[in-house]
Amino acid sequence: MRLTIPLLILSLSTVFAQDNKKPFSRMDVFDLEWASDPQISPDGNQVVYSRRGMDIMKDRRSSRLWLIGADGTNHTKLTSREVNEAQARWSPDGSRIAFVSSTDEGSEIYLYWAKTRVISRLTQLDRSPRGLSWSQDGTKLSFSMLVPENPVQMVAPPKKPKGAQWADHPRVETRLKHEADGSGYMEPGYNHIFIIPADGGTPRQITSGDYNHSSAIWAKDGRSLIVSGNRNDNWEYEWRNSELYSVSTVDGSVTALTDRNGPDNGAVLSPNGQS
């Protein structure tokens, strides 16, 4: 009996302590923060990462880039800008960080110089860039971006009178996949790969055709990119399948590197560039 009573008291106190804990509520999501996409500097001394959370005033996710030493010291915000930043990528020599940041006109590619902490905007794009990748010599950047396609139009709608409030024009859809969870209707077009000089300039489209491409990395000599995509005739119905392709940065010619069922992506080049 002497053993049972203390155990019973301890058990009851544990139950009461659990009952007094505040349950997770819907509004607590705005207090959460998490780290993602860590990128280690070439010398191994620093890490740049995306610090993500939820903006309670705008009810949407936010992302800021932060730098931290490999030993956990010198934890600082990369820039002083209070806008969304993501996709940070170190240049091969570690002197610069390319990243994507939002502006009033949309998302653009920026450069951050590690030594001077100077920031410069590189692009003025029509759509948001993704998948930044440095060339091996640090002179160029590649990225993917949607190239819009004119939607199908069965008939030309009549011109409405000035000031009239008509219903939206009907939407004609011929694509198998035209909506996505969380974002809704997908703008017609295809995702293509572009390259741009690291000191700025006009982006140049490398891939072409009615196919989607992503996840580009540079070959060692800079004369080609390794790209993930599905360029088969039946690609729209084989949406889980993809292959790796070598795309020439000189003339855009494409060579298939894989031919198998299933997704092929996330390619990583060996240090000597041979495999």
Side-chain angles (χ1 to χ4, degrees), residues 24-145 182-183 194-201 203 214-218 266 268:
F24 188 83
S25 71
R26 290 174 294 179
M27 296 300 291
D28 288 337
V29 70
F30 294 105
D31 294 328
L32 298 178
E33 288 190 339
W34 62 97
S36 68
D37 195 23
Q39 299 291 318
I40 303 173
S41 62
D43 62 10
N45 292 328
Q46 290 182 296
V47 179
V48 61
Y49 73 95
S50 295
R51 186 171 178 174
R52 297 182 177 272
M54 292 290 293
D55 188 333
I56 193 172
M57 300 304 293
K58 297 180 179 178
D59 190 23
R60 64 182 59 180
R61 290 187 180 184
S62 64
S63 176
R64 305 290 188 268
L65 292 176
W66 282 67
L67 268 175
I68 188 169
D71 59 358
T73 61
N74 298 322
H75 196 197
T76 59
K77 193 173 182 299
L78 186 72
T79 76
S80 60
R81 305 168 72 243
E82 289 301 322
V83 293
N84 282 328
E85 304 164 337
Q87 303 183 53
R89 296 295 181 267
W90 292 93
S91 63
D93 63 0
S95 65
R96 294 157 294 169
I97 298 175
F99 64 96
V100 174
S101 180
S102 60
T103 70
D104 292 338
E105 293 82 29
S107 295
E108 302 290 349
I109 300 174
Y110 283 76
L111 268 190
Y112 167 91
W113 277 263
K115 187 175 181 179
T116 61
R117 299 180 65 88
V118 171
I119 302 167
S120 177
R121 173 173 162 175
L122 287 188
T123 60
Q124 188 172 359
L125 303 173
D126 294 333
R127 301 294 188 280
S128 297
R130 294 182 179 181
L132 298 185
S133 179
W134 285 89
S135 62
Q136 299 282 331
D137 60 4
T139 63
K140 302 180 187 67
L141 284 160
S142 67
F143 62 94
S144 64
M145 185 176 66
S183 57
F194 293 77
I195 60 175
I196 187 173
D199 55 359
S214 64
S215 306
I217 64 168
W218 288 81
V268 178

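Heads up: numbering here begins at 1 and tracks the sequence.
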Check: Nearest heavy-atom pair of Ala198 and Leu111: which atoms, and what distance?
Finding: O-CD1, 3.0 Å
Margin query: To check you understand the geometry: which heavy-atom pair defines the closest contact between Ala216 and Ser133, and what is its length?
Written below: O-CB, 3.4 Å
Next item on the list: Check whether the side chains of Tyr112 and Arg96 place a donor and an acceptor atom closer than 3.5 Å, and report yes or no.
Entry: no
Next item on the list: With rounding to the nearest 0.5 Å, note down the distance linking CG in Leu65 to OG1 in Thr76.
Entry: 11.0 Å
Item checked: Among Glu108, Gln87, Arg81, the one residue meeting side chain to side chain donor-acceptor pair (under 3.5 Å) with Ser101 -> Arg81
Checklist line | Contact summary for Asp43 and Ser41, nearest pair of heavy atoms | finding: OD1-OG, 2.6 Å
Item checked: Identified salt bridge (charged side-chain N to carboxylate O under 4.0 Å, His left out) counterpart of Glu33 within the set Arg51, Arg64, Arg61 -> Arg51
Next item on the list: Decide yes or no on side-chain contact (heavy atoms from CB on, under 4.5 Å) for Gln39 and Ile97, but give the supporting numbers first.
Entry: CA-CA 10 Å; Gln39 299 291 318; Ile97 298 175; over 6 Å; no
Margin query: Would you compute the distance between atom CH2 of Trp218 and atom CD1 of Ile195 and round it to the nearest 0.5 angstrom?
Written below: 4.5 Å
Check: Do the side chain of Ser107 and the main chain of Ser128 share a donor and acceptor less than 3.5 angstrom apart?
Finding: no
Notebook entry, point to check: How far does CG of Asn74 sit from CG of Leu67, to the nearest 0.5 angstrom?
Noted result: 9.5 Å
Notebook entry, point to check: What is the distance from atom CD1 of Ile109 to atom OG of Ser120, rounded to the nearest 0.5 Å?
Noted result: 12.0 Å
Note to self: For a quick test of reading the model, state the closest non-hydrogen atom pair linking Phe30 to Asp55 and the distance between them.
What the structure shows: CE2-O, 3.6 Å
Check: Rounded to the nearest 0.5 Å, how far apart are CG of Asn84 and CZ of Arg52?
Finding: 8.0 Å
Next item on the list: Of all the heavy-atom pairs spanning Ile196 and Phe143, show the shortest one and how long it is.
Entry: CG2-CE2, 4.1 Å
Note to self: Between Arg89 and Asp37, is there a side-chain heavy-atom distance shorter than 4.5 Å?
What the structure shows: yes
Item checked: Where Pro92 and Trp134 come nearest, the two heavy atoms and their spacing -> CD-CB, 3.9 Å
Next item on the list: Could you please spell out the steps behind the side-chain contact (heavy atoms from CB on, under 4.5 Å) verdict for Thr123 and Phe194?
Entry: CA-CA 12 Å; Thr123 60; Phe194 293 77; over 6 Å; no
Next item on the list: Anything under 30° is parallel, anything over 60° is perpendicular, the rest tilted; go ahead and classify Phe99 against Tyr110.
Entry: parallel
Check: Atom OH in Tyr49, atom OG in Ser63: separation rounded to 0.5 Å?
Finding: 10.5 Å
Margin query: Could you check whether any side-chain heavy atom of Leu141 comes within less than 4.5 Å of a side-chain heavy atom of Leu122, counting everything from C-beta outward?
Written below: yes
